[in-house]
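The next block holds one structure in the form of structure tokens; read it before the comments.
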Amino acid sequence: MRTATLGPEQRDGSLAAMAERELDVLVVGGGVVGAGTALDAATRGLVTGLVEARDWASGTSSRSSKLIHGGLRYLEMLDFALVREALKERGLLLERLAPHLVKPVPFLYPLQHKAWERAYAGTGVALYDAMSLARGHGRGLPGHRHLTRRHALRVAPCLRKDALTGALQYYDAQMDDARYVATLVRTAAAYGAEVANRTRVTGFVREGERVVGARVRDLEGGGEYEVRAQQIVNATGVWTDDTQAMVGERGQFHVKASKGIHLVVPKDRIHSSTGLILRTEKSVLFVIPWGRHWIVGTTDTGWDLDKAHPAASSADIDYLLEHVNSVLSVPLTRDDVEGVYAGLRPLLAGESEATSKLSREHTVAHPVPGLVVVAGGKYTTYRVMAKDAVDAAVHGLDRRVAPCVTEEIPLVGAEGYRALWNARAQIAARHGLHVVRVEHLLNRYGSLAEEVLALIAEDPSLGAPLGGADDYLRAEVVYAAGHEGALHLDDVMTRRTRISIETFDRGTRSAREAAELMAPVLGWDAERVDREVEHYEKRVEAERESQRQPDDLTADAARLGAPDIVRS
């Protein structure tokens with residue numbers, strides 16, 4: 001299949017194309033659900049558009065725990081249908097749809113009581129594995145195993161001896177959430193969807209009761225467009241209620257935001273060969289392997305402040321450190337924290353006041369003719385949410401439309417990935433790179449890594465690491481701007497790479513070099529480079545300041561001290 005290049009010219013062309021002809025489906029929202037909906041619609045043969053007010057995955061979909069999982073804790077809630085559905089999707093992603101992006105990850109669950117807890121938790125994990133195998137998509141992961149305390153401490157020497165009597169080990173999967181969405185958008189574009197980020201919907205166009213289009217503003221070029229569509233899908237996550245308000249109709253349900261924060265610490269601060277899952281009084285806490293780092297998270301608290309930039313407070317950070325340190329033989333301190341990020345989960349509002357008890361299941365509604373709303377759910381089941389949203393939209397079209405085929409559609413980069421992985425030593429020798437560098441590229445781009453390597457062949461200086469961020473090559477910055485839709489320095493530092501959370505300086509040492517690499521691709525002059533770097537540095541400082549504040553209100557005020565580089 002052809003692969004779409006998301007560059008500035010493509011974006012301008014997509015905006016023009018959406019304005020020139022009526023679409024079958026316009027999707028609003030460029031997170032994982034919106035991108036998945038655009039792919040679903042495009043692969044059914046529908047004329048499809050996708051718009052996002054900021055960068056792809058800039059909201060919830062770049063700030064998750066980065067897990068693809070069945071939701072083991074939902075078994076305890078007896079939500080078997082949700083777990084069964086998620087386990088099927090986990091298997092599809094690992095084996096067929098995105099093997100280059102979704103990888104197995106082991107977790108150790110320390111047991112703190114004697115026989116009854118092992119029997120209780122062991123039954124749950126055994127059921128988890130059995131449900132996965134029953135769906136026919138669990139054979140790629142090892143089964144769970146019971147460990148004695150001595151064996152558990154060999155696997156995870158970081159644990160305090162008095163913190164466990166034994167343990168269970170099981171497997172789930174993980175991915176780079178923002179990279180996954182960027183790949184999903186590129187896949188949708190490869191199948192014909194017109195896609196444009198930094199394009200804000202400012203209102204809907206109505207004819208009588210029916211919604212027939214949307215007014216969109218190009219936040220980069222400044223133009224205004226009217227995009228006509230037979231059906232519009234609102235996939236804006238925690239912004240669902242705000243988007244619905246533009247229609248002037250009360251929604252059939254409401255979405256409540258739950259804040260979850262994560263800490264990133266260096267690999268050597270926690271001595272373990274496996275991830276950890278720990279119980280807290282409110283939920284569960286994960287310690288997740290992440291390259292040369294660990295991700296520790298998450299919290300689960302209500303949030304009704306700025307949705308674009310949820311802030312982590314000092315209290316949030318202390319909460320995570322306190323709970324993870326309760327089992328670590330060498331406690332973590334603030335000085336160990338490289339990065340902090342906060343995200344908002346879109347939960348369907350119910351009777352419960354506690355966000356940890358609100359539904360993770362999704363809902364699709366057709367509140368007015370021409371408009372479909374999809375909300376709730378979890379990252380792992382995005383494809384099912386997208387299918388349900390397009391199914392609802394198809395009911396509003398006056399013709400037969402093919403059923404969903406995304407279960408059979410690998411993302412760009414998946415095809416040929418395993419063959420290239422097997423040949424990684426030869427590829428490394430051919431390009432003069434260490435094999436670890438080639439493995440890094442294959443696990444981020446799959447077979448599209450050949451496009452990154454082509455940039456290096458053309459300009460060997462791009463094969464060097466980015467200063468201050470040795471895990472990434474200079475070519476990856478150029479590729480992000482030319483092929484992956486990155487329009488600003490922040491897009492590269494925060495989402496196309498994860499430098500902003502993987503270095504103690506939060507990427508400030510790398511920022512200027514990265515901006516100068518982007519400049520020729522995006523047509524920036526020296527003044528624009530300075531502006532991009534200054535904005536990024538102010539954003540980092542505002543985030544640091546917010547993380548010193550005692551509570552949500554003061555943290556939010558501090559974070560808002562850095563304005564967005566693109567004003568709406």
Side-chain angles (χ1 to χ4, degrees), residues 54-55 58-60 62-66 178 259-267 269 290-299 301 303 305-325 331-344 466-472 488-515 530-566:
R54 297 188 295 153
D55 185 28
S58 56
T60 301
S62 62
R63 306 178 190 188
S64 73
S65 296
K66 314 196 188 319
K259 184 179 73 167
I261 83 143
H262 296 79
L263 311 179
V264 182
V265 300
K267 195 78 169 184
R269 301 304 198 271
W290 180 254
R292 296 199 294 172
H293 318 269
W294 297 97
I295 293 175
V296 180
T298 179
T299 58
T301 55
W303 179 265
L305 301 169
D306 180 69
K307 295 187 183 77
H309 305 294
S313 69
S314 181
D316 292 326
I317 295 170
D318 288 342
Y319 172 89
L320 289 182
L321 289 175
E322 177 187 346
H323 281 81
V324 75
N325 284 339
L332 297 174
T333 70
R334 287 288 187 108
D335 291 339
D336 295 319
V337 177
E338 290 177 289
V340 181
Y341 65 94
L344 301 178
L466 185 68
D470 289 350
D471 285 348
Y472 299 94
H488 294 279
L489 176 61
D490 187 58
D491 300 343
V492 170
M493 305 297 284
T494 308
R495 287 170 291 276
R496 303 306 184 280
T497 72
R498 309 320 288 265
I499 295 170
S500 66
I501 58 171
E502 292 176 346
T503 57
F504 280 104
D505 63 274
R506 311 282 171 94
T508 53
R509 286 174 55 207
S510 310
R512 181 161 295 278
E513 183 181 347
D530 289 344
R531 190 162 79 247
E532 292 281 338
V533 172
E534 180 186 13
H535 169 266
Y536 183 75
E537 290 173 344
K538 284 182 177 178
R539 199 214 79 173
V540 169
E541 182 48 44
E543 286 187 349
R544 287 188 185 278
E545 184 61 29
S546 71
Q547 291 154 20
R548 300 182 191 109
Q549 303 307 310
D551 53 41
D552 283 352
L553 276 172
T554 52
D556 179 64
R559 176 59 187 88
L560 292 178
D564 286 339
I565 195 164
V566 177

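Of the possible polar contacts, none joining the Thr494 side chain to the Ser500 backbone as a donor-acceptor pair under 3.5 Å is found. Put simply, the side chain of Thr298 never gets that close to the backbone of His262: no donor and acceptor are under 3.5 Å apart. At least one donor-acceptor pair under 3.5 Å links the side chain of Asn325 to the backbone N or O of Leu321. Using a distance-only test at 3.5 Å, with no hydrogens or angles considered, no donor-acceptor pair links the side chain of Asp556 to the main chain of Leu553. Put simply, the side chain of Arg63 never gets that close to the backbone of Ala178: no donor and acceptor are under 3.5 Å apart. Side-chain atoms of Ser546 never come within 3.5 Å of backbone atoms of Ala311 as a donor-acceptor pair (strictly under, hydrogens ignored). Listed for the Lys66 side chain is a donor-acceptor partner under 3.5 Å among the backbone atoms of Ser62. Of the possible donor and acceptor atoms, none in the side chain of Arg559 sits under 3.5 Å from a partner among the backbone N and O of Ala312. Judged purely by atom type and a 3.5 angstrom limit, Thr497 uses its side chain to pair as donor or acceptor with the backbone of Val492.
The shortest heavy-atom contact between Pro550 and Ala315 is O-CB, 3.5 Å. Taking every heavy atom of both residues into account, Ile261 and Ala342 meet most closely at CG2-CB, 4.0 Å. Residue Ala515 comes nearest to Val533 through the heavy atom pair CB-CG2, 3.8 Å, listed as atom of the first residue, atom of the second, then distance. Between Ala469 and Ile499 the shortest heavy-atom distance is CB-CD1, 3.7 Å.
Side-chain contact check for Arg548 and Thr554: no donor-acceptor pair (N or O, by modelled atom type) lies under 3.5 Å. In this structure, a donor-acceptor pair under 3.5 Å is absent between the side chains of Gln547 and Glu543. For Asp564 and His535, the side-chain atoms include no donor-acceptor pair closer than 3.5 Å. Looking at Glu541 and Tyr536, their side chains never bring a donor and an acceptor atom within 3.5 Å of each other.
For Lys538, the NZ atom sits in a loose shell: 12 or fewer heavy atoms of surrounding residues, nucleotides or ligands are nearer than 6.0 Å.
Using a 4.0 Å cut-off between charged nitrogen and carboxylate oxygen, Arg496 and Asp491 do not count as a salt-bridge pair. Here Arg495 pairs with Asp55 in a salt bridge; the nearest charged N to carboxylate O distance falls below 4.0 Å. Salt bridge present: Asp530 and Arg512 bring a charged side-chain N and a carboxylate O closer than 4.0 Å.
Geometrically, Lys259 does not engage Tyr341 in a cation-pi contact, judged by NZ or CZ lying under 6.0 Å from the ring centre and within 45° of the ring axis.
Between Glu502 and Tyr472 the shortest side-chain heavy-atom distance falls below 4.5 Å. Within the 4.5 Å cutoff, side-chain heavy atoms of Arg498 are placed close to those of Trp290. By the 4.5 Å heavy-atom criterion applied to side chains, Asp318 and Arg334 are counted as neighbours. Val340 places a side-chain heavy atom less than 4.5 Å from the side chain of Arg506. Between Ser510 and Met493, the closest side-chain pair of non-hydrogen atoms falls below 4.5 Å.
For the atom pair CD1 of Ile295 and CG of Leu263, the computed distance is 10.0 Å after rounding to the nearest 0.5 Å. Atom CZ of Arg292 is separated from atom CG of Asp471 by 4.0 Å, given to the nearest 0.5 angstrom. Taking CH2 from Trp294 and CG from Leu332, the interatomic distance works out to 11.0 Å, rounded to the nearest 0.5 Å. Taking CG from Asp551 and CD from Gln549, the interatomic distance works out to 8.0 Å, rounded to the nearest 0.5 Å. In this structure, CG in Asp316 is found 6.0 Å from CG in Asp552, a value given to the nearest 0.5 Å. Here the OG1 atom belonging to Thr299 is positioned 10.5 Å from the CD1 atom belonging to Ile317, to the nearest 0.5 angstrom.
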Tyr319 and Glu322: side-chain contact (heavy atoms from CB on, under 4.5 Å), yes or no, with the steps? CA-CA 5 Å; Tyr319 172 89; Glu322 177 187 346; 5.6 Å; no
Does Glu338 form a side-chain contact (heavy atoms from CB on, under 4.5 Å) with Thr503? I'd like the steps, not just the answer. CA-CA 6 Å; Glu338 290 177 289; Thr503 57; 5.5 Å; no
Test log, rule side-chain contact (heavy atoms from CB on, under 4.5 Å), inputs Arg539 and Asp490: CA-CA 9 Å; Arg539 199 214 79 173; Asp490 187 58; 2.5 Å; yes
